[in-house]
Amino acid sequence: MSEGFDSKSFLKALTHRPGVYRMLGPDREILYVGKAKDLRKRVSSYFRRNQPSPRIASMVRQIQGIEVTVTNTEAEALLLESNLIKQHRPRYNVIFRDDKSYPYIYMATEHPFPRLGFHRGARRGKGRYFGPYPSAAAVRETLDLLQKVFRVRQCEDSFYNNRSRPCLQYQIKRCAGPCVGLVSAEDYAQDVAHTIQFLEGRSSDVIDDLVRQMDAAAEQLKYERAAVLRDQIENLRKVASQQYVTAEAGDVDLFACEVSASSACVQVFNIRHGHNLGNRSYFPAKCRGRSSPAMP
C-alpha cells in the first residue's frame, strides 16, 4: 500500500455515481485512468489485500492521490476516459492509447457527392470525423436515424459508381439518389452541410434553418414541400434527443469553487474542440485558516 495516501478516508467519502478516476503518483503524474459505473465500488477494488495483478499492485504502491470526475452516465465516462488516456498516455494504461479503439462517423467530403459512414481505426482519409462514440451500436443507430432526416448516401464508392438505377435506399426515402442524378448538387450539398452542422452539435441552427424553409414553402403554397420539411424537423428533433457524440468544435473552461471554514477547493474543467478533457483540483493555500466569505 502506498505511503501518504489514506485510502480508507478517501473511499468513505467517494460517491457511488458513474465517472472517471485518475491515479496520481508522487509528482502528480497520472499513473492510470479508468472509468466506473460505481466509482466507490471500482476504486475500492484496487486496495484489497490480495491484488491478483502484479502490474496493478505495483501501481497501487505508488499512489499518492486520486482525482475523480463524476458523469451522468457510464457512456459519458467511457468517452471521457478515452480522451484523458489519449491526452496523458498514462504508463499503466495498456489500451486505448490511440484512435483505434472507439468508432467514429466519417464524412468523405472530398467526393462531389459525399458519403456518410462508419469508421474505426487510424483517421488518415480526407474528410471529417465525428466522435468518438461509446460503441459501434451507437454509431449505427445514429447513422440509421440520420438517413431518415438528411438522405445523404451511405454506400461505398464502388457501389455508387456502378449504378444505372436507384437502389432500395432511394425507394424507402433514405437516400436522395445522387448516383443516377435524382438530386441536384446544390440540394445535396445543403443536406451534407446540415449533417455536418448537426454532428458538430449545432442541431438548433439546422432546425431553425429548416423551419424558415418550411414557412417559406407554405407561403408559396408548396404544401408538399412544407410537409416534407415538417417531417424532417420532427425526425431531426428525435435524433437530437438520442445523439451521443463529442463534437469537433468549441473551447471552454468551467470553474467551480467550494469554500469551507478552513479551506477552499477550485475545480477547473477543460473542453477543447468539443472534447471534455477532464478536470483538475486546486487548493489555494491563502484560503486556509480564513472564514468563508459572506454569501449575498
Side-chain angles (χ1 to χ4, degrees), residues 1-98 101-102 134 253-272 275-293:
M1 194 68 62
S2 61
E3 298 180 1
F5 178 67
D6 187 351
S7 61
K8 290 184 178 179
S9 297
F10 178 83
L11 292 170
K12 189 179 296 184
L14 190 57
T15 180
H16 285 285
R17 293 179 60 188
V20 171
Y21 55 91
R22 299 176 290 283
M23 306 297 195
L24 307 178
D27 299 321
R28 305 294 292 178
E29 170 198 5
I30 297 180
L31 303 173
Y32 182 82
V33 175
K35 67 165 182 66
K37 183 177 181 180
D38 182 323
L39 279 167
R40 184 187 295 186
K41 184 177 180 180
R42 182 69 184 96
V43 174
S44 64
S45 68
Y46 289 94
F47 298 97
R48 295 170 184 162
R49 290 189 176 182
N50 298 321
Q51 181 57 249
S53 169
R55 180 178 65 88
I56 296 300
S58 173
M59 179 193 72
V60 171
R61 287 193 293 269
Q62 302 175 58
I63 293 175
Q64 295 297 313
I66 300 176
E67 291 183 343
V68 300
T69 303
V70 177
T71 59
N72 291 319
T73 65
E74 189 178 10
E76 289 180 13
L78 188 70
L79 296 178
L80 177 56
E81 177 198 34
S82 171
N83 290 335
L84 289 172
I85 291 172
K86 291 170 188 175
Q87 179 189 10
H88 298 289
R89 301 180 65 83
R91 54 193 170 106
Y92 283 96
N93 283 97
V94 294
I95 56 175
F96 303 151
R97 286 196 177 184
D98 54 28
S101 301
Y102 287 88
D253 295 311
L254 305 176
F255 297 84
C257 181
E258 178 71 19
V259 181
S260 68
S262 59
S263 63
C265 174
V266 178
Q267 289 275 340
V268 182
F269 293 79
N270 306 116
I271 297 173
R272 295 293 180 268
H275 291 264
N276 184 349
L277 301 182
N279 65 308
R280 292 197 64 179
S281 302
Y282 297 89
F283 299 90
K286 293 184 179 180
C287 292
R288 293 172 184 167
R290 296 188 180 186
S291 60
S292 58

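Heavy-atom basis, side chains included; hydrogens, waters and symmetry copies ignored. Treat the numbers as computed from the prediction; the structure is a model and nothing was measured.
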Residues Ser45 and Arg42: side-chain donor-acceptor under 3.5 angstrom = yes
Inter-residue atom distance [X].[atom1] - [Y].[atom2], 0.5 Å rounding:
X      : Y     : atom1 : atom2 : value
Gln87  : Leu80 : CD    : CG    : 10.0 Å
Leu84  : Leu79 : CG    : CG    : 11.0 Å
Ile56  : Arg48 : CD1   : CZ    : 12.5 Å
Gln267 : Glu67 : CD    : CD    : 7.5 Å
Asn93  : Ser82 : CG    : OG    : 10.5 Å

Of all pairs that satisfy salt bridge (Lys or Arg N to Asp or Glu O under 4.0 Å), the ones with a partner from residues 30-41, not counting sequence neighbours | Lys35-Glu74
Worked check of side chain to side chain contact (heavy atoms under 4.5 Å, CB included) between Ile63 and Tyr32 = CA-CA 10 Å; Ile63 293 175; Tyr32 182 82; over 6 Å; no
Considering non-hydrogen atoms only, spot the tightest contact between [X] and [Y] and give its length.
X     : Y     : result
Ser9  : Asp6  : OG-OD2, 2.6 Å
Pro90 : Ile30 : CB-O, 3.6 Å
Ala77 : Gly19 : CB-O, 3.6 Å
Gly25 : Gln64 : O-CB, 3.7 Å

Are side-chain heavy atoms of [X] and [Y] found at a separation under 4.5 Å?
X     : Y     : result
Phe47 : Phe10 : no
Ile66 : Arg22 : no
Leu31 : Gln62 : yes

Can you list the residues that meet the side-chain contact (heavy atoms from CB on, under 4.5 Å) rule with Asn72, with sequence neighbours excluded?
-> Arg17, Glu76
Can you label the angle between the Tyr21 ring and the Tyr46 ring as parallel, tilted or perpendicular, going by 30° and 60°?
-> perpendicular
